[in-house]
Amino acid sequence: MSLHTGTVRRLRDGMAKGVLSFPLTSFHDDGSLDPEGLRAHVAAQLATAPGAVFPACGTGEFFSLDEDEYRQVVTITVEEAAGRVPVVAGTGYGWAQAVRFARIAEEAGADALLVLPHYLTAAPQDGLVAQLEQIAARTRLPLIAYQRGQVAYTAQSFRRIARIPNVIGLKDGHSDLDRLQRLTLAAPDGFLFFNGASTAEIQARAYATVGVPAYSSAVHAFAPEIANAFFTALHKDDPATLDTLLRDFYVPLVELRDRVPGYAVSLVKAAARLRGRPVGPVRAPLTDPSPADLADLKALLTTGLDLVGASL
């Protein structure tokens with residue numbers, strides 16, 4: 001990790017100042033990539049002072065991008081960021097394919113990589129460690145491991161991945177705070193941790209109690225006013241504001257999200273479109289929200305914006 005102290009410092013400083021932005025990937029109505037829409041969306045995200053920007057990750061539909069599209073997404077994000085905040089690009093699948101994406105991200109100027117859970121199959125702990133070792137050996141970029149789905153590290157395996165020179169952090173999407181506390185206690189000095197739960201604000205206070213205050217915010221992709229208000233309240237220890245935002249916006253959003261598989265991305269894109277953002281539809285296998293769910297989303301978004309003094 002000493003090889004990447006500059007990137008670690010920039011990420012740590014950014015995490016203390018703002019939410020982590022995971023921009024959407026813009027598509028035309030026919031499903032083709034919309035580079036100019038993406039550029040406008042990323043520029044709007046950066047204008048709200050996120051701590052870092054993570055293109056082509058889960059919210060950005062990494063799983064639906066080919067290599068040329070991925071190159072465009074990362075390149076545009078790096079150009080728009082212009083060194084102001086770290087750019088952490090997603091990579092994934094098996095290690096051989098992950099390395100192909102890693103090399104593209106490296107050429108495009110990304111600062112680091114978020115290694116998404118590997119494709120499909122369950123794997124033993126030795127294999128999970130080997131996956132990161134293989135990627136780390138083939139890129140100069142620092143890596144943030146993402147445990148979610150079929151990837152969950154034991155404390156023993158975590159100690160092994162934390163010793164890989166390129167691995168600088170762990171993003172957690174399991175919300176198993178007992179396990180996560182064990183990992184934070186086993187971490188070397190300077191190791192980064194991120195709350196990567198779906199709609200991470202719901203569990204932000206709980207994660208902070210085990211030493212993981214930084215989190216990714218899908219809400220930031222369509223309502224940075226709400227996301228930033230929550231972040232400010234969390235860091236100022238303002239429970240009244242947190243409770244209001246959670247009760248009146250975030251919990252209903254989760255309930256809406258849970259109606260249909262894939263809504264964790266589809267609702268975010270739909271909400272961005274409701275605000276005039278040029279992000280377009282989702283790609284199959286995801287589906288856009290039904291008219292009834294879209295109406296509920298619009299009402300909820302209006303409520304959330306009202307809470308922070310903003311408008312649709």
Worksheet item: Which of these, His220, Glu80, Arg277, sits in a side-chain hydrogen bond (donor to acceptor under 3.5 Å, both in side chains) with Gln45?
Response: His220

Test of ring centre spacing under 6.0 Å for [X] and [Y]:
X	Y	value
Phe193	Phe158	yes
Tyr250	Phe230	yes
Phe62	Phe54	no

Shortest non-hydrogen contact from [X] to [Y]?
X	Y	result
Ala123	Leu128	CB-CD2, 4.0 Å
Ala271	Leu301	O-CD2, 4.0 Å
Thr184	Val212	CG2-CG2, 3.9 Å
Cys57	Ala89	SG-C, 4.3 Å
Ala102	Leu113	CB-CD1, 3.4 Å

Does [X], at its [atom1] atom, have more than 12 non-hydrogen atoms belonging to other residues, nucleotides or ligands within less than 6.0 Å?
X	atom1	result
Arg39	CZ	yes
Arg259	CZ	yes
Asp29	CG	no
Arg100	CZ	no

Between the side chains of [X] and [Y], is a donor N or O closer than 3.5 angstrom to an acceptor N or O?
X	Y	result
Thr241	Thr244	no
Ser198	Arg148	yes
Asp306	Thr303	no
Thr75	Gln72	no
Arg257	Thr199	yes
Gln97	Glu67	yes
Thr121	Gln150	no
Arg138	Gln134	yes

Do [X] and [Y] belong together in a cluster built from hydrophobic side chains that touch within less than 4.5 Å?
X	Y	answer
Leu180	Tyr215	no
Ile76	Val73	yes
Leu120	Leu116	yes
Ile135	Tyr70	yes
Leu114	Leu46	yes

Worksheet entry | Leu253 and Val219: CA distance, side-chain angles, deciding distance, side-chain contact (heavy atoms from CB on, under 4.5 Å) verdict | CA-CA 10 Å; Leu253 179 64; Val219 170; 3.8 Å; yes

Measuring from [X]:[atom1] to [Y]:[atom2], what's the distance to the nearest 0.5 Å?
X	Y	atom1	atom2	result
Leu24	Glu61	CG	CD	7.5 Å
Asp293	Ser266	CG	OG	10.5 Å
Ser217	Leu20	OG	CG	9.0 Å
Leu305	Phe249	CG	CZ	7.5 Å
Thr154	Arg159	OG1	CZ	8.5 Å
Tyr146	Leu170	OH	CG	10.5 Å

Is there a side-chain contact between [X] and [Y], using heavy atoms and a 4.5 Å cut-off?
X	Y	result
Phe63	Tyr119	no
Phe22	Val53	no
Asp111	Val88	no
Lys298	Leu294	no
Val167	Val115	no
His4	Asn166	yes
Leu307	Leu245	yes
Leu267	Leu256	yes

Within the distance-only criterion (no hydrogens, no angle test), does the side chain of [X] pair as donor or acceptor with the backbone N or O of [Y] below 3.5 angstrom?
X	Y	result
Thr91	Ala98	yes
Thr59	Pro23	no
Thr232	Ala229	no
Arg275	Ala272	no
His174	Val151	yes
Gln181	Asp178	no
Arg283	Gly31	yes
Ser157	Tyr153	no
Ser21	Pro50	no

Item to complete: Using the ring of Phe194 (Phe, Tyr or Trp, six-membered ring only), decide whether Lys171 places NZ or CZ under 6.0 Å from its centre and within 45 degrees of its axis.
Response: no

Pair [X] + [Y], salt bridge at N-O below 4.0 Å:
X	Y	answer
Arg163	Glu133	no
Arg140	Glu106	yes
Arg160	Asp126	yes
Asp13	Lys17	no

Fill in: Residues forming a side chain to side chain donor-acceptor pair (under 3.5 Å) with Asp243, sequence neighbours excluded
Arg205

Fill in: With Asp172 via side chain to side chain donor-acceptor pair (under 3.5 Å) - residues at least two apart
Gln147, Tyr207

Worksheet item: Checking salt bridge (charged side-chain N to carboxylate O under 4.0 Å, His left out) for the pair Asp288/Lys269: CA distance, chi angles, key distance, verdict?
Response: CA-CA 8 Å; Asp288 289 311; Lys269 262 199 162 173; over 6 Å; no

